[in-house]
Amino acid sequence: MLIINNLKASIGGKSILKGISLEVKPGEIHAIMGPNGSGKSTLAAVLAGREFVEVTEGTITYLGKNLLDMLPEDRAKEGIFLGFQYPIEIPGVSMVNFMKTAVNEHRKHNGLEPLSASDFLKLMRDKKELVEIDSKLANRSVNEGFSGGEKKKNEIFQMAMLEPKLAILDETDSGLDIDALRIVANGVNKLKHPDNSFIVITHYQRLLDYIIPDVVHVLYDGRIVKTAGKELALELEEKGYDWIKKEIENNVTA
Amino acid sequence: MKYSTVQNWYPGDKEGKGGVFNFVTKRGMCKGENSKISWTQIETGSAITWKYPSCILRGDNSTGEFYSVAVTNNYQQADTGTKMTHIGKNTKSTIVSKGISAGHGQNSYRGLVKVLKNASNARNYSQCDSLLLGDKCGAHTFPYLEVDNSTSIVEHEATTSKIGEDQIFYCNQRGISTEDAIGLIVNGYAREVINKLPMEFAVEAQKLLQISLEGSVG
């Protein structure tokens, strides 16, 4: 589904990603962990197509296409979804209107007719139930005045609406209480399907108690320094990131 | 009386050359008790707009309203607002002005709220919001308040905001193009005023807002 090969990227001339290679197959859940400033969010930004990140080297192939040639909205319509670490507020634009525009853009892209108002509202109701979000959220403006937890749940709701092939969740668990965390995780588990994949970027093991990853990568200083199964997350939780740092330093000096 | 206008005169070329100058002075008098005048306007065209639909609130308990959205793109200038003259007792006025500036466009709100000596318990609320697209446009507010009656309450609120790259990217990431994202955000911003328009007018106005801003963010 996604093949990243020797990706290097910088922001404002400062090198952040220093050669990342990664392959995500259909149906897989990958967790990317790592300390602050290791490049996790930058990687998510590159995949979604943010302009301020400059790709200096490497390739990204998504479903056989060169991802780096695609506009952000085309990537979205081809099935890439980014769950934002800090979801953006859009005052005056109702969630209904926002989602309707987004869903119909996706449908147009796939050669489908726009949904009728009643079909759309039914879809919204079904998905709201699926991700257990308060139906009041949908009548409010996009993220405006939402609490931190509500914003994150709203990201999962949007993901459910758009049914992406590849969902990247950028620290969706940060700032969530345990109930909200469970809702977010349940949302992911319910949407999991043999044809779609997830990249879950997280700081803590906690989320991975609910979302079981197939592969865990540790990102440190712009490189993937360790890749293993789900047990790696537990080891990290126990030993902390210092353990990884020490191991790398030892390798360098050795 | 409710008076709604949507104006889209020729704004001239990209530099504003050849565009129409639009100068409007409309005034209404609320003569009787409990009478009401409501102005709603959407201004998207002409090179320069000067427009000040006003209300003279002479009857006791009369009400004046002014709801406005003005868009300026390229080198357009809009200078618009209202005069609310409170003469009668318990008179009320509401002013909601929303300016949207793009390109080198300039938007000014210029308004006068005047409360005469005998207009006891007069009430005014004014809200002036400005939305900026890009860094070469401008927004200005010139609210004048003349109050000669100590029992009246006059309020003025103003905000200025910018469409952020973050907002546009958020829309992009959901599959919405930049052009459509701006339309969505601008219509959301102007919704309070557009909602005051009659239904079929509101649909036209929404489209017009989007068309007026086409190509304003590169």
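Computed from a prediction, not measured in an experiment: that's the story for all the values here. Keep in mind that the numbers below use all heavy atoms, side chains included, and drop hydrogens, waters and symmetry copies. In the text below, chain A, chain B and the rest are named by the order of the sequence lines, each starting its count at 1.
In this structure, a donor-acceptor pair under 3.5 Å is absent between the side chains of B:Asp166 and A:Tyr86.
At a threshold of 4.5 Å between non-hydrogen side-chain atoms, the residues A:Phe81 and B:Gln173 count as touching. B:Arg191 is listed as a side-chain neighbour of A:Ser141, based on a closest heavy-atom distance under 4.5 Å. Taking the side chain as every heavy atom from C-beta outward, A:Pro72 and B:Phe169 approach each other to under 4.5 Å.
Of the residues considered (A:Ile90, A:Val103, A:Asn97), A:Ile90 shows the highest number of contacts with chain B, using heavy-atom pairs under 4.5 Å. For chain B, the option among A:Glu51, A:His106, A:Met99 with the highest count of heavy-atom pairs below 4.5 Å is A:His106.
With a 4.5 Å cut-off on non-hydrogen atoms, A:Glu78 does not touch chain B at all. Using a 4.5 Å cut-off between heavy atoms, B:Asn187 does not touch chain A at all. In this structure, no portion of A:Pro164 lies under 4.5 Å from any heavy atom of chain B. Contact annotation for A:Leu71: neither backbone nor side-chain heavy atoms come within less than 4.5 Å of a heavy atom of chain B.
Annotation: cation-pi pair B:Arg174/A:Phe98 absent, no NZ/CZ under 6.0 Å from the ring centroid and within 45° of its normal.
For the residue pair A:Ala76 and B:Gly175, the shortest heavy atom distance occurs at CB-N, 3.4 Å. Closest non-hydrogen pair, B:Gln167 versus A:Ile88, comes out as CG-CG2, 3.6 Å.
The OG1 atom of A:Thr101 lies 5.0 Å from the CG atom of B:Leu184; values are rounded to the nearest 0.5 Å. Interatomic distance, CD of A:Glu73 versus OG1 of B:Thr178, reported as 5.0 Å (0.5 Å rounding). If you take SG on B:Cys171 and CD on A:Glu105, they are separated by 11.0 Å, rounding to the nearest 0.5 Å. Note that CG of B:Asp180 and CG of A:Asn104 are 11.5 Å apart. Values are rounded to the nearest 0.5 Å. In this structure, the separation between CG on A:Leu82 and OH on B:Tyr170 is 9.0 Å, given to the nearest 0.5 Å.
Summarising the local packing, NZ of B:Lys36 is surrounded by 12 or fewer heavy atoms from other residues, nucleotides or ligands at distances under 6.0 Å. In B:Phe142, the CZ atom is crowded: over 12 heavy atoms of neighbouring residues, nucleotides or ligands sit closer than 6.0 Å. The environment of A:Lys151 atom NZ is dense: over 12 non-hydrogen atoms of other residues, nucleotides or ligands sit within 6.0 angstrom. Sparse packing is recorded around OH of B:Tyr75, with 12 or fewer heavy atoms of other residues, nucleotides or ligands lying under 6.0 Å away. When the shell of 6.0 Å around NZ of B:Lys2 is examined, it contains more than 12 heavy atoms from other residues, nucleotides or ligands. Counting heavy atoms of neighbouring residues, nucleotides and ligands inside a 6.0 Å radius, atom NZ of A:Lys190 exceeds 12 of them.
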